[in-house]
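Worksheet: the structure to be examined is printed underneath.
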2 protein chains.
Amino acid sequence: MNETKLIIADDHELFRKGLAELLSKHEDIKVIKSVEDGIEFMNILKSNIEAHIVLLDITMPNMDGFQVLKEMKNLSSTIKPIVISMHNDGNYIAKCAKSGAYGYLLKNADETELTKAIRMVSKGSKYFSAEISEKMINFMSVQSVSEDILSNKETEVLGLISEGLTTKEIASRLFVSARTIETHRANILKKLEVKNTAELIKKAAKINLI
Amino acid sequence: MNETKLIIADDHELFRKGLAELLSKHEDIKVIKSVEDGIEFMNILKSNIEAHIVLLDITMPNMDGFQVLKEMKNLSSTIKPIVISMHNDGNYIAKCAKSGAYGYLLKNADETELTKAIRMVSKGSKYFSAEISEKMINFMSVQSVSEDILSNKETEVLGLISEGLTTKEIASRLFVSARTIETHRANILKKLEVKNTAELIKKAAKINLI
DNA sequence: TAGAAACTCCGTATAAATACGGATGTAAAA
DNA sequence: TTTTACATCCGTATTTATACGGAGTTTCTA
């Protein structure tokens, strides 16, 4: 028979348990492991466990879903990740797709959709619902994936700005001139299409840059 | 027999279903309804359904958990709300306790804790785990519940600041002098214990003021 | 290898925010 | 009723941020 072995990675105990319970009714799907963070999952992955799919939450402590996806790609794992997230934010979806997710489900998806996604991915297809695809496309048409918007230095500067440091303070902490930080600030404002610090921090918080 | 009838209010279909499945194993607990937002729950409440407990999510569309709690208090409902949230933020917890929640569970609580909470609340007690209580106490000791921190005017100004408006722009929009807005800004910074706009917006976003 | 980013730095100027230290009338709460 | 918080306003001064426009070096990539 064709049994799909899957792992659940989610930091919410009740969600994990409930999901396992829910899936136990389906004979072709078997939950073989249940972990609560990315690190734990990576350990399992490295132990060469035989599994087909991992239902992966994005927001997890220690190591989040994005990092897990990246690592899985590096290790060219054969386990196919389906992301289960509560964010129907185009940015999240796009990042997951880019990082090698085989599917993206919202936590308010229904059981039918969940099993459909698992079965499709199990057969080698990808599963992104119409709603999800649309969000992603809309997002990509207006702005690039946030990961790529800012350079490393800019991201670092943004972090310090959000801590409440002034340009001068940031400059001395990063051992560069204040002019440099001013330029970084200007570039960040431009890239995120905002006109001052207040708007900047709000937007950065929204798209989870900080 | 003493069967506890409960309602689940959560916008995540999978969570709802999973939870129901999980609880179905317990004979003394019966899930009688499952709704996906606050409005839907209020309708059920008004239909005089017989239920003992509602497992209430905070972040829901249309009408969130806080509003539901407030409304339930107004209607002096006999259904006892247990909040299930993913935020272990002292501010959230304190607001719920203040609004009449009988319990507060994190979504990463385990099954044992869930059933324990349900049974205790069913018997008339309240259930706040040691961890949750601690968070709440820590929070309240350092700052009052966010709802009460800022005055109405200050909240309004904060909103406009976060939109990227300058002091002058805000002043003309609110038909007052720029000085007034400067004072408001200063007071807001002081109340939230931050030293500039960047930190302000970050904090405001964090405690969901904007 | 050529070109594009990224990172660094500079000058000049204006706009905006923050830090002081006041003041008044009104409304709500103790 | 007395106190307290709120909302409004003012002056002076300094610090920060933003807006221009430019340029050299390195590093990565097509």
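In the text below, chain A, chain B and the rest are named by the order of the sequence lines, each starting its count at 1. All values below were derived from every heavy atom in this structure, side-chain atoms included, with hydrogens, water molecules and symmetry-related copies excluded.
Of the residues in residues 179-186 of chain A, E182(A), R185(A) come within less than 4.0 Å of DNA chain D through at least one heavy atom, sorted by number.
In this entry the distance linking NZ of K168(A) with C1' of dT18(C) reads 13 Å, nearest Å. If you measure from atom CD of E154(A) to atom C1' of dA5(C), you get 10 Å, rounded to the nearest angstrom. What separates CG of L189(B) from P of dA19(C) is a distance of 7 Å, to the nearest Å. Taking atom CZ on F175(A) and atom C1' on dC9(C), their separation rounds to 18 Å, with Å as the unit. Atoms CD (E199(B)) and P (dT18(C)) sit 11 Å apart, rounded to a whole Å. Across the protein-nucleic acid pair, I161(A) atom CD1 and dT16(D) atom C1' stand 12 Å apart, rounded to whole Å. Atom CG in N187(A) sits roughly 16 Å away from atom P in dA17(D) (whole-Å rounding). Between the P atom of dT16(D) and the CG atom of L200(A) lies a distance of 18 Å, rounded to the nearest Å.
Remark: R185(B) pairs with no residue by the salt bridge (Lys or Arg N to Asp or Glu O under 4.0 Å) rule, at least two apart or across chains. Applying the ring-ring contact (aromatic ring centres under 6.0 Å, His included) criterion to Y127(B), with sequence neighbours excluded, gives no partner residue.
Ring geometry for F66(B) versus Y92(B): interplanar angle of 30 to 60°, hence tilted.
With rounding to the nearest 0.5 Å, the separation of CG in L106(A) from CD1 in I132(A) is 4.0 Å. If you take CG on L23(B) and OG1 on T115(B), they are separated by 8.0 Å, rounding to the nearest 0.5 Å. Atom OG1 of T183(A) sits about 10.5 Å away from atom CD of E154(A), to the nearest 0.5 Å.
With respect to K202(A) and E199(A), no salt bridge is recorded, no charged nitrogen being found less than 4.0 Å from a carboxylate O. Checked for salt-bridge contact, E113(B) and K116(B) miss the test: no charged N lies under 4.0 Å from a carboxylate O. One finds a salt bridge joining K107(A) and D57(A) here, because a Lys/Arg side-chain nitrogen approaches an Asp/Glu carboxylate oxygen to under 4.0 Å.
Counting any heavy atom pair closer than 4.0 Å across all strands shown, N196(B) reaches sugar-phosphate atoms only and no base atom.
Checked by atom type and distance alone, the side chain of S125(B) never pairs as donor or acceptor with a backbone atom of V121(B) at under 3.5 Å. Counting only distance, with no hydrogens or angles, the side chain of R16(B) and the backbone of S34(B) share no donor-acceptor pair below 3.5 Å. A distance-only check finds no donor-acceptor pair linking the side chain of K30(A) to the backbone of T4(A) [under 3.5 Å].
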Every protein N/O within reach of nucleotides 25-27 of chain C N/O, cut-off under 3.5 Å:
none

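Under 4.0 angstrom from either OP1 or OP2 of dT16(D) there lies no side-chain N or O belonging to T167(A). OP1 or OP2 of dC10(D) has at least one side-chain nitrogen or oxygen of S177(B) nearer than 4.0 Å.
Of the candidate nucleotides dC10(C), dA6(C), dT8(C), dT8(C) has the atom lying nearest to any side-chain atom of K153(A). Comparing dC9(D), dA17(C), dA19(D) by their closest approach to the side chain of V176(B) singles out dC9(D).
Computed from C1' positions of five pairs at each end, the angle between the two local axes of the helix from dT1(C)-dA30(D) to dA30(C)-dT1(D) equals 70°, rounded to 10 degrees.
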>> I need a per-nucleotide contact map over nucleotides 24-30 of chain D, read 5' to 3'. Cutoff is protein heavy atoms under 4.0 Å; write B for the base, S for backbone only, - otherwise.
In response: -------

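Of the residues listed (V31(A), I49(A), L56(A)), the one engaging I7(A) in a side chain to side chain contact (heavy atoms under 4.5 Å, CB included) is I49(A), and it is the only one.
In summary, the side chains of Y104(B) and S85(B) do present a donor paired with an acceptor at a separation below 3.5 Å, with no hydrogens or angles considered.
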